[in-house]
Amino acid sequence: MSKTQYYAASSLDGFIATTDHSLDWLMQFGSLEGTSYDGFIREVGALAMGASTYEWLLRELVKPGTEHAQPWPYTQPAWVFTSRTLPRVEGADIRFAHGDVAPVHRDMLAAASGRNVWIVGGGELAGQFLDAGLLDELIVQVMPVVLGGGLPLLPRRIVTPPLRLTSALPYKDTFAEMRYEVVRA
């Protein structure tokens, strides 16, 4: 049974990026080697991300049209939620979407073929999936930094019922990964 998961890194005070969408604070911790990422991504059949996340990937990792250009990092189909026209990445299965996440989620589940759907970011997009009753799990790597402000992990109130902690693991003597199940009322 596939799950729709929001897998993200957060500062200790609950931010996934600075107000200018920078992840420099996170990049200081290096590669994802030795974390749960490799196992996680093997189970992912489709991805969703917002325009800012997509633009960050283009600017910081893919760098199309530069001498440092790299291929798109995902083999799975990726849906980018945006109201703007954004550049495409040659050879990548990227689909642009806007509006209600529910009909797009149905397409994502079909494309995932029984594997999981990953909400890459940002927090507002994950919140839209939560609002629609489509988010099953949060996987949060809490990093040992305090940003004091920025873009929140999940800009929603979740009080009753609360999320259910399913695991908490330390990694590299640096951060903790917590997994939460979204409990339906």
A.B. asks: In the single-linkage hydrophobic clustering (I, L, V, M, F, W, Y; side-chain heavy atoms under 4.5 Å), do F29 and Y37 co-cluster?
C.D. replies: yes
A.B. asks: Using only atom types and a distance under 3.5 Å, with no angle test, would you say the side chain of D13 pairs donor to acceptor with the backbone of G148?
C.D. replies: yes
A.B. asks: Walk me through whether S2 and V117 qualify under side chain to side chain contact (heavy atoms under 4.5 Å, CB included).
C.D. replies: CA-CA 7 Å; S2 67; V117 171; 5.6 Å; no
A.B. asks: Grab the two heavy atoms, one from G45 and one from P77, that are nearest each other, plus how far apart they are.
C.D. replies: O-CD, 3.4 Å
A.B. asks: What's the spacing between F15 CZ and S10 OG if we round to 0.5 Å?
C.D. replies: 8.5 Å
A.B. asks: Scan residues 71-87 for pairs that pass salt bridge (Lys or Arg N to Asp or Glu O under 4.0 Å), counting only residues two or more places apart or in two chains.
C.D. replies: E55-R84
A.B. asks: Kindly indicate whether the side chain of W79, heavy atoms from C-beta on, has any atom under 4.5 Å from the side chain of Y54.
C.D. replies: no
A.B. asks: Taking atom types as modelled and ignoring hydrogens, do the side chains of D20 and S22 form a donor-acceptor contact shorter than 3.5 angstrom?
C.D. replies: no
A.B. asks: Closest approach of A17 and W25, non-hydrogen atoms and distance?
C.D. replies: CA-NE1, 3.8 Å
A.B. asks: Treat each ILVMFWY residue as a node, draw an edge where side-chain heavy atoms are under 4.5 Å apart, and state whether L47 and L23 are in one component.
C.D. replies: yes
A.B. asks: Does any non-hydrogen side-chain atom of M108 lie less than 4.5 Å from one of V104?
C.D. replies: yes
A.B. asks: Could you name each residue pair satisfying salt bridge (Lys or Arg N to Asp or Glu O under 4.0 Å) that touches residues 85-103, not counting sequence neighbours?
C.D. replies: D93-R95
A.B. asks: Tell me the closest heavy-atom pair linking I119 and Y6, and the distance in Å.
C.D. replies: O-CD1, 3.1 Å
A.B. asks: Quick one: are W56 and H21 in side-chain contact, heavy atoms under 4.5 Å?
C.D. replies: no
A.B. asks: Show me the donor-acceptor pairs, under 3.5 Å and distance only, between side chains in residues 150-169 and residues at least two apart or in other chains.
C.D. replies:
unit_1, atom_1, unit_2, atom_2, d
R156, NE, D131, OD1, 3.0
R156, NE, D131, OD2, 2.9
R156, NH1, E124, OE1, 3.0
R156, NH2, E124, OE2, 2.9
R156, NH2, D131, OD2, 2.9
R164, NE, E181, OE1, 3.0
R164, NH2, E181, OE1, 2.6
T166, OG1, R179, O, 3.2

A.B. asks: Would you name the heavy atoms of V101 and A132 that are closest together and state the gap between them?
C.D. replies: CG2-CB, 4.1 Å
A.B. asks: Going by atom type alone, with no hydrogens or angles, which donor-acceptor pairs under 3.5 Å involve a side-chain atom of residues 133-144 and a protein atom two or more places apart or on another chain?
C.D. replies:
unit_1, atom_1, unit_2, atom_2, d
D136, OD1, R184, NH2, 3.0
D136, OD2, T4, N, 2.8
E137, OE1, K3, NZ, 3.4
E137, OE1, Q5, NE2, 2.6
Q141, NE2, Y7, OH, 3.1
Q141, NE2, E177, OE1, 2.9

A.B. asks: With a cut-off of 3.5 Å and sequence neighbours excluded, list every side-chain donor-acceptor pair involving residues 57-75.
C.D. replies:
unit_1, atom_1, unit_2, atom_2, d
T66, OG1, K63, O, 2.8
T66, OG1, H68, N, 3.1
T66, OG1, A69, N, 3.4

A.B. asks: If you compare all heavy atoms of V44 against all heavy atoms of R115, which two are closest, and at what distance to 0.1 Å?
C.D. replies: O-NH2, 2.6 Å
A.B. asks: Closest heavy-atom contact between S11 and V145?
C.D. replies: CB-O, 3.4 Å
A.B. asks: Quick one: does W118's side chain get under 4.5 Å of I41's, heavy atoms only?
C.D. replies: yes
A.B. asks: Can M49 be reached from L26 by stepping across I, L, V, M, F, W or Y side chains whose heavy atoms are under 4.5 Å apart?
C.D. replies: yes
A.B. asks: Applying ring-ring contact (aromatic ring centres under 6.0 Å, His included) as the test, list every pair that has at least one member in residues 136-178; sequence neighbours left out.
C.D. replies: Y171-F175
A.B. asks: F81 vs H98, test: ring-ring contact (aromatic ring centres under 6.0 Å, His included). Steps then yes/no.
C.D. replies: CA-CA 5 Å; F81 285 80; H98 65 278; 9.1 Å; no
A.B. asks: May I ask you to test the V80-L86 pair for a side-chain heavy-atom distance under 4.5 Å?
C.D. replies: yes
A.B. asks: Is it possible for you to say whether M178 and V182 belong to one hydrophobic cluster, with membership spreading through side-chain heavy-atom contacts below 4.5 Å?
C.D. replies: yes
A.B. asks: For the atom pair CG (D24) and CD (Q28), what is the distance rounded to the nearest 0.5 Å?
C.D. replies: 9.5 Å
